Amino acid sequence: MPELPEVETTRRGLAPLVEQRRILRAVVRHRGLRQPVPHGLERRLAGAHVRALSRRGKYLLFDCETADREAGTLLVHLGMSGRLWLVDARIPPEKHDHFDLVFDSGRAIRLRDPRRFGLVLWLKGDPLAHPLLASIGPEPLTADFDGAVLHRATRSRGAAIKLAIMDGHVVAGVGNIYANEALFRAGIDPRTPAQRVSRARCDALAREIRAVLGEAIEAGGSSLRDYVGSDGMAGHFQNRFFVYGRGGEPCMRCGTAIRELRQGQRASCYCPRCQKR
DNA sequence: CCGACAACCTGTGAGC
DNA sequence: TGCTCACAGGTTGTCG
């Protein structure tokens, strides 16, 4: 479900409802996520105070102070099928509702993740020093990322540019949808060897990555299948896809049929006329 | 370091 | 209707 815009939409929706609030209790119904949900998490979270909710790549970070005044971070990743939203704590959980964070307001944050590729961890100390976060590439929407950074990171890569921008160590948070869309907007064939993308085209690609992510956040993310935001409302950026999921349909710019192929076990969609190597 | 591929898991839709 | 297969928004680990 979620790439960076969907995670950021979730963060923005939840932040005002969890920041500076007290957690009554945490409920874990299924510990078998990408990594096991740690035992003792419920104990640490009971009575904890949420100071802030932030994001790094596709990870959500709940900055907490526990009841015995220890600092720590609840780290949540939504994987492929995860969704985190606010419910009345009395609403009974459904089959794939693995985790609840119940607040003193009587509401709860609920994690639903059918495929269980998501993650719920407790981090002590500096969360950004944790291996999962320390190796993540630059945030695409801050000054840490631009064409120069992208150009430098791709000089030794002979593999396709699409695989490079989807590698979280090159740039954080760009998944399959927005990689396809950014490449279309920048006019770059997704199969182009990364090291053969010029500095000028890296500038254009970095610019389009930032633009498409920013526009998607403004639209509340993309709603495919059952994804809805933290307030239960669907995002609507999926109505503005140029290529993703449009194989065989005419290009919205030139009318040529959009082509679809596989790169790294993922679908790539592109316009053979508008996108060049 | 880089790249190719399998793995984790469930649900859904297409095709027969 | 029911079976099998491919595929779905992500990341990590292994092997060459």
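Reminder, nothing fancy here: chain letters follow the sequence lines and each chain counts from 1. Keep in mind that this is a model prediction, so the values were computed, not measured.
- The listed nucleotides are B/dC1, B/dG11, C/dT11; the one nearest the side chain of A/S156 is B/dC1.
- Comparing C/dC7 with B/dA6, their C1' atoms are spaced 16 Å from each other, to the whole Å.
- Across all strands, A/R266 comes closer than 4.0 Å to base atoms (heavy-atom distances).
- Results of the side chain to side chain contact (heavy atoms under 4.5 Å, CB included) test with A/L61 over A/L75, A/L53, A/V76 single out A/L75 as the only residue that passes.
- Of the possible donor and acceptor atoms, none in the side chain of A/E181 sits under 3.5 Å from a partner among the backbone N and O of A/V212.
- Remark: A/K58 is not in phosphate contact with C/dG9, judged by side-chain N or O atoms under 4.0 Å from OP1 or OP2.
- Computed from coordinates, the A/L119 CG to C/dT12 P distance equals 9 Å when rounded to whole Å.
- When the P atom of C/dT11 is taken as reference, atom NE2 of A/H169 falls 9 Å away, rounded to whole Å.
- Between A/Y178 and A/S222, the side chains place a donor N or O and an acceptor N or O closer than 3.5 Å (distance only, hydrogens not considered).
- Nearest approach of A/R21 to A/D104, heavy atoms of both residues: NE-OD1, 3.7 Å.
- The side chain of A/R262 lies closest to C/dA8, out of C/dT12, B/dG3, C/dA8.
- When rounded to the nearest whole Å, the span between CD1 of A/I161 and P of B/dG3 equals 11 Å.
- Side-chain N/O atoms of A/D113 and A/S81 include a donor and acceptor closer than 3.5 Å.
- Comparing atom distances between the A/H96 side chain and each of B/dG11, C/dG10, C/dA8 picks out B/dG11 as nearest.
- Under the Watson-Crick and G-U wobble criteria, each requiring two contacts below 3.5 Å, nucleotide B/dT10 is paired to C/dA8.
- Across the protein-nucleic acid pair, A/Q263 atom CD and C/dC7 atom P stand 15 Å apart, rounded to whole Å.
- As rounded to whole Å, 13 Å separates atom P of C/dT12 from atom CE of A/M166.
- Distance, A/R155 CZ to B/dC2 P: 12 Å, rounded to whole Å.
- No engagement by A/F237 is indicated, since no non-hydrogen atom pair under 4.0 Å with the nucleic acid exists.
- Distance A/H77 NE2 to C/dG9 P: 14 Å, rounded to the nearest Å.
- When the side-chain nitrogen and oxygen atoms of A/Y59 are compared with OP1 and OP2 of C/dG10, none of them lie within a distance under 4.0 Å.
- Formation of a donor-acceptor pair under 3.5 Å by the A/R246 side chain with backbone atoms of A/P250 is found in this model.
- Rounded to an integer number of Å, the gap from CD of A/E6 to C1' of C/dG10 is 12 Å.
- Between the C1' atoms of C/dG9 and B/dG3, the separation comes to 23 Å (whole Å).
- Using a 4.0 Å heavy-atom distance criterion, A/G158 is classed as a sugar-phosphate-only contact.
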Letter per nucleotide, 5' to 3', of nucleotides 4-9 of chain B [B base touched, S only sugar-phosphate touched, - untouched; heavy atoms, 4.0 Å]:
-BB-BB

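- A donor atom on one side chain and an acceptor atom on the other are found under 3.5 Å apart for A/S268 and A/Q263.
- Within 4.0 Å (heavy atoms only), A/L132 reaches sugar-phosphate atoms of the nucleic acid but no base atom.
- A cation-pi arrangement is absent between A/R185 and A/F242, since the terminal nitrogen or guanidinium carbon is not both under 6.0 Å from the aromatic centre and inside a 45° cone about the axis.
- At least one side-chain nitrogen or oxygen of A/K95 sits closer than 4.0 Å to the OP1 or OP2 atom of B/dG11.
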